[in-house]
Number of protein chains: 2
Amino acid sequence: MALTDTNSWTGIREELLRRIHDRVWEPGAQIPHEADLAEEFGCARTTVNRALRDLAESGLVIRKRRAGTRVALNPPQRATLTIPIIREEVEALGKTYRHSLLERAYQPVPPMLHGVFHASLGEDVLYLKTLHFADERPYAFEERHINLDTVPEARQRKFEVSSANEWLVHNAPYSRGDLSFSALNANEDTARILDCTQGTALFAMERITWTGDAPITHVKLIFAPGYRMRSTI
Amino acid sequence: MALTDTNSWTGIREELLRRIHDRVWEPGAQIPHEADLAEEFGCARTTVNRALRDLAESGLVIRKRRAGTRVALNPPQRATLTIPIIREEVEALGKTYRHSLLERAYQPVPPMLHGVFHASLGEDVLYLKTLHFADERPYAFEERHINLDTVPEARQRKFEVSSANEWLVHNAPYSRGDLSFSALNANEDTARILDCTQGTALFAMERITWTGDAPITHVKLIFAPGYRMRSTI
DNA sequence: CACGTTAATATGTGCATGCATATTATCTTT
DNA sequence: AAAGATAATATGCATGCACATATTAACGTG
């Protein structure tokens, strides 16, 4: 038995992981209580708890009070992806970033968003169209709606120097958000803006952020051809 | 000062969050040490530690030994997305799932994967082409390479009844993986297979999983038109 | 003054313990 | 026997303490 260092919580986590991987404990099976494991590893229950909590967080085991801990039947395949600020993403590629504001207007809430941005908001929505460049080549096209009820200060901002994204990140922290990714064919407009041929498959990301119950902003980002969003599990 | 319940670690986390959101502590600024906070909240240092650890995990604060804790300058926008087993995803939509194995062959490692599946593997790679259906309509097209050095048992499997994905999830747990998403235009083959017109923008997901240093499998999933991958922040 | 050594300090983590809480099993009561 | 009250139990969480470790600041020596 290749013993890992079993008196650190990470060590214990590794050992538990090994037992799950090696099917010492089958999927769905119950594993010993914290107290027993603590005794086996010769450590405090707190330490085992820490390890189990961590495994539960990553979805590998399911814990319920009184019911005990069991190995997850279908270990959900979770990936955490970091959505960077576009400027940083571009600069990380070693390219110079620039953005240009194509349009800034006060618009009625588009029908698509009536469900989230309550229709009662009337005209109080700021609409922004921005193009992000990497080394002077179009990188992503952004359409954004900002809820002025939630973020009235946005009215004063031109968003010409610093992008709306960065400003909002720093000034209107959100508590939760919905995110979705899709593929779409470039229409005439986006093809022109992103400098590609019509019909090209483009990667799109849509996001709505909220603070509490109030929507802050809706963004749709359409990336230039060839974009890949990467992540690790 | 709207006081939250400050003698639970979650309560303390909320209060700290509030101070960050309300800019009591500006981005980049140092926040008091655990000991001071513990005294202020009248709780044990451990409890404050727990709260701070959690905030650090979600990227809102940066912690360094001796250097202290400071509010993150650019709170990274992290999203955890769960990659479901296709069958479950389809069934969750209330549709009936079916898959069909289009091809099963032992192939040399494709050049694209030489970097990961070491070329020395020679022919020991199982290649699978699978089509997943939802209510008898194509849902996703899957191309997969399985490293038979790592998972020799796969040689015995036909993968006609249970899909390779499910079998691998249960029989070859991975320790890490690379994931990427992109958009592509349907070529003649994929258009035929997914029953759409050539050129349609399709959402694709690529994934390589490893156990330790040994690659297990590479999958490329191309979804039928209209697919959206959703997540929450 | 440059550079390596040492001390101070903030977080990281372990331990023993006790109580809280959710959930299940068991024991009543009707 | 069905329904409701009660006890048992496994995890969740807080406490106080001690020591480990990384990092910075201060110090001292050539």
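To find a chain, count down the sequence lines: A is the first, B the second, and so on, and within it residues start at 1. Keep in mind that this is a model prediction, so the values were computed, not measured.
- Classification of Arg228(A) and Glu206(B) as a salt-bridged pair holds, one side-chain N sitting under 4.0 Å from a carboxylate O.
- Taking the six-membered ring where the residue is Trp, the centroids of Phe203(B) and Tyr227(B) are separated by under 6.0 Å.
- Atom-to-atom, CD of Glu39(A) to C1' of dA10(D) comes out at 16 Å; the value is rounded to the nearest Å.
- Screening Glu91(B), His132(B), Arg87(B) against Tyr97(B) for a side chain to side chain donor-acceptor pair (under 3.5 Å) leaves a single residue, His132(B).
- Of the charged side-chain nitrogens involved, at least one lies within less than 4.0 Å of a carboxylate oxygen, so that Glu34(B) and Arg63(B) count as a salt-bridged pair.
- Between Arg18(B) and Glu14(B), none of the side-chain N atoms (NZ, or NE/NH1/NH2) sits under 4.0 Å from a carboxylate O, so this pair counts as no salt bridge.
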Nucleic acid footprint by protein, nucleotides 10-15 of chain C - heavy-atom cut-off 4.0 Å, B for base, S for sugar-phosphate alone: BBBBSS

